[in-house]
Amino acid sequence: MGPRKIIIDCDPGQDDAVALFLALAAPDELDVLGITTVAGNVPLELTQRNARMMCDIAGRTDVPVYAGCKEPLVLNAITAEYIHGATGIDGVDVFEPETPLQDEHAVDFIIETLRAAEEGTVTLVPTGPMTNIAAAINRDPSVLDAVDRIVSMGGAMREGGNRSPSAEFNVLVDPHAAEIVYQCGKPVTAMGLDVTHQVLSTRERVGRIREVGNAVATATADMLSFFHRYDTKKYGSEGAPLHDPCTVAWLLCPGLFASKACNLSVETQSELTMGHTAVDFWHVTDRPHNVEWAYEVDADGFYELLVEKLAVFGD
Ligand code: RIB
Ligand code: CA
């Protein structure tokens, strides 16, 4: 069996950037068919540029990068420069990447790629607002036949919200898109704040990453040295949660995580709790179990995997 075919849909964002490095570090295990970008942490013109920068740093200017939706399906866009900085990837110096931006819209790429793929052969990995994927499903639901699983970063249960008292950022930006994706009928592995808040980029862990010494690891350490500032002040924790790489880490080493089949439904009506992910962890309803909700991770094992994979890149 060859490498798993994946499409990463992201909004870099320092943590998205690390997820891209992790995916590109494992070509024998993951075949990145394309990177699609969406407005999220920062506007689309920056998220697409940032994704292309990461491909340059990883020496993978061959990976096709696409720009997708500038706005959520229904709501007005919100962003997170207060966490990620004005560039979206503060911590590294911005440069004009060699990796080209593909002309095709990301949603068209997702649709065409899935239409051409055999049944159940492509994994979708959204690490930002799920607007692009929902737009593809809306335009042609049959594309889901080619999807074997969706491994998403988004939502929260025990941890509460990080952008509102009850909503996690990715889902809050586009709750209508998230609901379409979570209810699409394909297997979903959902990495929410409950598990991502267990993988904190502590000083010691960032130090181990920096000791790897190649350009990718140095860029990772530099970005994490900026990225932690907001969360450490907010939560009093030492280091920021490395949200998005949890998706790729699950693909590479699922045994690091514990999850439970649950119903997850998204609030799309209430102004107060818009974007809340109602996770029926204790099965108190008879709603269908539409996601595998991740609730525990071996954090040391996660960082050992990350350091191991970052070391594969040359100088
Ligand atoms: O809430 C965390 C998520 O929002 C991460 O994906 C981060 O990159 C931001 O997109
Ligand atoms: Ca993200």
Side-chain angles (χ1 to χ4, degrees), residues 6-20 34-51 65-84 88-89 105-111 124-139 147 150-156 159 161-164 166-184 186 188-193 196 227 241 243-248 264-269 271 273-278 291:
I6 69 172
I7 295 173
I8 302 177
D9 189 73
C10 55
D11 64 332
Q14 290 88 347
D15 56 327
D16 303 74
V18 180
L20 293 176
I35 297 170
T36 52
T37 58
V38 66
N41 289 316
V42 288
L44 179 66
E45 56 269 23
L46 295 183
T47 59
Q48 62 88 349
R49 189 274 320 270
N50 295 342
V65 178
Y66 302 83
C69 298
K70 290 177 182 283
E71 299 285 341
L73 295 184
V74 175
L75 301 182
N76 294 323
I78 58 173
T79 54
E81 288 88 348
Y82 65 101
I83 296 177
H84 297 273
I89 47 167
H105 189 284
V107 176
D108 295 329
F109 164 75
I110 292 169
I111 290 172
L124 301 179
V125 186
T127 65
M130 296 179 234
T131 316
N132 287 338
I133 296 176
I137 295 170
N138 281 345
R139 201 191 306 169
V147 175
I150 298 169
V151 186
S152 65
M153 192 281 136
E159 280 297 297
N162 61 357
R163 182 56 184 261
S164 78
S166 50
E168 175 277 327
F169 178 79
N170 286 340
V171 177
L172 179 60
V173 169
D174 199 337
H176 303 86
E179 180 69 348
I180 288 166
V181 173
Y182 288 132
Q183 308 302 344
C184 76
K186 302 305 286 191
V188 175
T189 296
M191 297 284 166
L193 299 182
T196 69
F227 179 51
H243 305 288
D244 296 332
C246 285
T247 58
V248 179
L264 184 160
S265 299
V266 180
E267 175 58 67
T268 58
Q269 305 301 317
E271 188 176 333
T273 58
M274 180 65 78
H276 175 69
T277 44
V291 307

In short, salt bridge (Lys or Arg N to Asp or Glu O under 4.0 Å) pairs touching residues 127-139 with sequence neighbours left out are D108-R139
Across all chains, not counting sequence neighbours, the side-chain contact (heavy atoms from CB on, under 4.5 Å) partners of A17 are M54, M223
Residues at least two apart in sequence or cross-chain that pass side-chain contact (heavy atoms from CB on, under 4.5 Å) with A278, listed by chain then number, are H276
Quick one: [atom1] on [X] to [atom2] on [Y], what's the gap to the nearest 0.5 Å?
{"X": "T37", "Y": "D16", "atom1": "OG1", "atom2": "CG", "answer": "10.5 Å"}
{"X": "K70", "Y": "Q48", "atom1": "NZ", "atom2": "CD", "answer": "8.5 Å"}
{"X": "M130", "Y": "D174", "atom1": "CE", "atom2": "CG", "answer": "9.0 Å"}
{"X": "Y182", "Y": "T277", "atom1": "OH", "atom2": "OG1", "answer": "6.5 Å"}
{"X": "I180", "Y": "L73", "atom1": "CD1", "atom2": "CG", "answer": "5.5 Å"}
{"X": "D11", "Y": "L46", "atom1": "CG", "atom2": "CG", "answer": "11.5 Å"}

Minimal non-hydrogen separation, [X] against [Y], with atom names:
{"X": "V151", "Y": "P126", "value": "O-CD, 3.2 Å"}
{"X": "V266", "Y": "E179", "value": "N-OE1, 2.9 Å"}
{"X": "C10", "Y": "T127", "value": "CB-OG1, 3.2 Å"}
{"X": "A178", "Y": "V171", "value": "CB-CG1, 3.9 Å"}
{"X": "V248", "Y": "A19", "value": "CG2-O, 3.6 Å"}
{"X": "V181", "Y": "A134", "value": "CG2-N, 4.1 Å"}

Could you check if a side-chain atom of [X] sits within less than 4.5 angstrom of a side-chain atom of [Y], using non-hydrogen atoms only?
{"X": "L193", "Y": "P241", "value": "no"}
{"X": "E71", "Y": "T131", "value": "no"}
{"X": "I83", "Y": "N41", "value": "no"}
{"X": "F109", "Y": "I7", "value": "yes"}
{"X": "V173", "Y": "E168", "value": "no"}
{"X": "L124", "Y": "D9", "value": "no"}
{"X": "T47", "Y": "V38", "value": "no"}
{"X": "M191", "Y": "H243", "value": "no"}

Self-check item: Backbone of P12 reached by a side-chain donor or acceptor of N50 within 3.5 Å
Solution: yes
Report the C-alpha distance between C69 and H105 in whole Å, list the side-chain angles of each, state the deciding distance to 0.1 Å, and finish with yes or no for side-chain contact (heavy atoms from CB on, under 4.5 Å). CA-CA 8 Å; C69 298; H105 189 284; 4.1 Å; yes
Only residue of D244, V65, I35 satisfying side-chain contact (heavy atoms from CB on, under 4.5 Å) with L20 is I35
